[in-house]
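Proteins get letters first, then strands, A, B, ... in listed order; numbering begins at 1 in each. Quantities reported herein were computed from a predicted structural model and do not represent experimental measurements.
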Amino acid sequence: MSITEILFWFLSVLTLVSAIMVLISKNPVHSVLWLIATFFAISGHYILLNAQFLAIVNLIVYAGAIMVLFLFVIMLMNLDVAIEPKRSMWMKFAGVISGGLLLAVLLSVVRTSVDLTNKTAQLNTGDIGLIKNLGHTLFTQYAVPFEVSSILFLSAMVGAVVIGKKN
Amino acid sequence: MNAIILSVIIGVVMMFCSVFVPNKNSYRHIASIGLVLLLAGNIAEMHGFSLFHINTKGMLSYDNFGLFFNTIAIASTLIYVLLSGRDIQKIGTYVAEYFVLIFFVLCGIAILSSYNNLLMLFLGIEILSIPLYILTGSDKRNMMSNEAALKYLLMGSFSTGLMLMGIALIYGATGSFNIEVIHAASPQQGANGMSELSVSFLEIMGMLLLMVSIGFKVSAAPFHFWTPDVYDGAPAVITSFMATIVKVAGFIAFIKLFDARMLGTSVETNKLIGVDWKLLFAIIIICTLLVGNVTAVFQQSVKRMLAYSSIAQAGFMLFALFSMNDVAKEGILVYSVAYSLATIGIFAILVKMKDFTFEGYNGLGKTQPVLAFTNTIFLLSLAGIPLTAGFFAKFFMLESAIKTGTYLWLVIAAVVFAAISVYYYFRVIQAMYFKAGDAAVVEAPTMSFKIGLLLLAAIIIYFGIFPQALLSWFYF
């Protein structure tokens, strides 16, 4: 087992464990902290795939900005166990059934796909994730979506002002 | 390209208007002028005159179908602003911004009618949705509006997540974001004897997830749970826009996607894989028609009834996806015109009412004869009564399904559900003409509003008698 493989398995286990912990921890603040751990582990995967830019952006945007926002909101909302709404047994049952079915389908999809070997990203190879190549692709091949996304941000900004400003 | 860029430019101009033009009454006139310009730009592009020449690297492609749909969407928005502009003004303080957001939604629609790449689909859906979340919550003093906006945002984000997952799976299977995938001519010999497959399970799964997420946007059952609450909670003028132009745009995105992937979702490929898309769509159609029509019968509020009726109408529009032939494409264009115009008219009248329940309409025929008369025509069109545009819309949809030659029971069921829908549409007409009461309006409708309604009713009857007039523009 090479060092990258060991790292890969370690990060995978870390991702899965912390993702499950997000769901099962009772305290919402703990959930958010576990979510941050998940993002760090996923960033580790990105680095293994030689996508440094993505790894850093993932950390800055998700683990940094969005999670801090999450924490603030949770602390401001002052969630208590007492005010947590009671979910009915049937809802839980339906959730487990539908989630389990989706998991089963996704697993079988991955298991039965015949042509994945050459198409999945290989560890430690490929240089599309480097900033230089990424920038080149972004500003040539994907220039139109890149520019169009500015409309998206503009509309979100207008919306934030409309919603946030006092009358 | 004209529509995409012009709508953003006009939107930005409107933003500056809110700073430099102090008179709030002038915003809707500026918006109307902007929409006329946008319409002119789009029609010019239909005749081969494009203002912008941008190499999109295959991200966008302009065909007659998409451009014609753009024209329909922009023209419907123009009618909507002309009829309900005064009511948009009353929602809140930031009048110009509401129009800005409507222009951004139009930009999203223009992208959705011309995308050729899953990235653009994602961007289009988001540019369409995010302004709508805001518009839903634009009545900030109203708790219902706030709740609707938050609900819409959360559920909408969840469906966007599903869409991204689907796009990722499709990318994993084909290595490309293009919606038109050329499958390998010689299938590789797989390890487990599935050599004859040219479509992989990953791709099918991705398409399923995309179907779920766009199905959410067009409120097809069983992904419709947000619709009644959001349509009911949002300010009525905004509901009018959401339920008509935006919803139909979702269908155009849907049809473009499944049209481009016809091969991957065809019956022959399905035989090998075991996913029957036709059956899947048939189930969704039946669910949507059932939920929409049956629940609408029991509503007490006209606004909520219209929310359920919009689910029911979505069931009919899904027939275009089910049959996916030339008749279906023509049909969805006719349907989008008939449905949008009639619903815009009904909501324009609804906004003027003091009481949104059925009782609130009691005796409208006596107090406001013009409103009651035009409302009757719009409702008849939605119900699909002959001599209105709605009849031919439903006719084309069912004809396209019959042409596929399978699932005749689906067509019969749809006719039965259409008959049920007559009941709740006629309840409004009954309240207006045959029940005593004095239906109160918020303010006396102006002369121009009445003339606008009459013109809209005339258009609906015109297309009901000559549906080919609409399609002849399509084929000009």
Give a yes or no on this: more than 12 heavy atoms of other residues, nucleotides or ligands lie within 6.0 Å of atom OH of A:Y142.
yes
A:F10 atom CZ, over 12 foreign heavy atoms within 6.0 Å
no
With rounding to the nearest 0.5 Å, note down the distance linking OG in B:S176 to CD1 in B:I179.
10.0 Å
In Å and rounded to the nearest 0.5 Å, what is the CD1 to CD1 distance from B:I10 to B:I5?
12.0 Å
For [X], is it the side chain, the backbone, both or neither that has a heavy atom under 4.5 Å from a heavy atom of chain A?
X	result
B:V105	neither
B:L101	side chain
B:Y133	neither
B:F177	side chain
B:N55	backbone
B:L169	side chain
B:I111	side chain

Is A:L152 close to A:M157 at the side-chain level, that is, under 4.5 Å between some pair of heavy atoms?
no
Is there side-chain contact between B:N116 and B:L60, with heavy atoms separated by less than 4.5 Å?
no
Does a donor on one side chain sit under 3.5 Å from an acceptor on the other, for B:K140 and B:S145?
no
Among A:V105, A:V161, A:L154, which residue has the highest count of heavy-atom pairs closer than 4.5 Å to chain B?
A:L154
Chain A interface, residue from B:M15, B:E97, B:M120 that has the most non-hydrogen pairs under 4.5 Å
B:M120
Answer with side chain, backbone, both or neither: which region of A:A143 has an atom nearer than 4.5 Å to a non-hydrogen atom of chain B?
neither
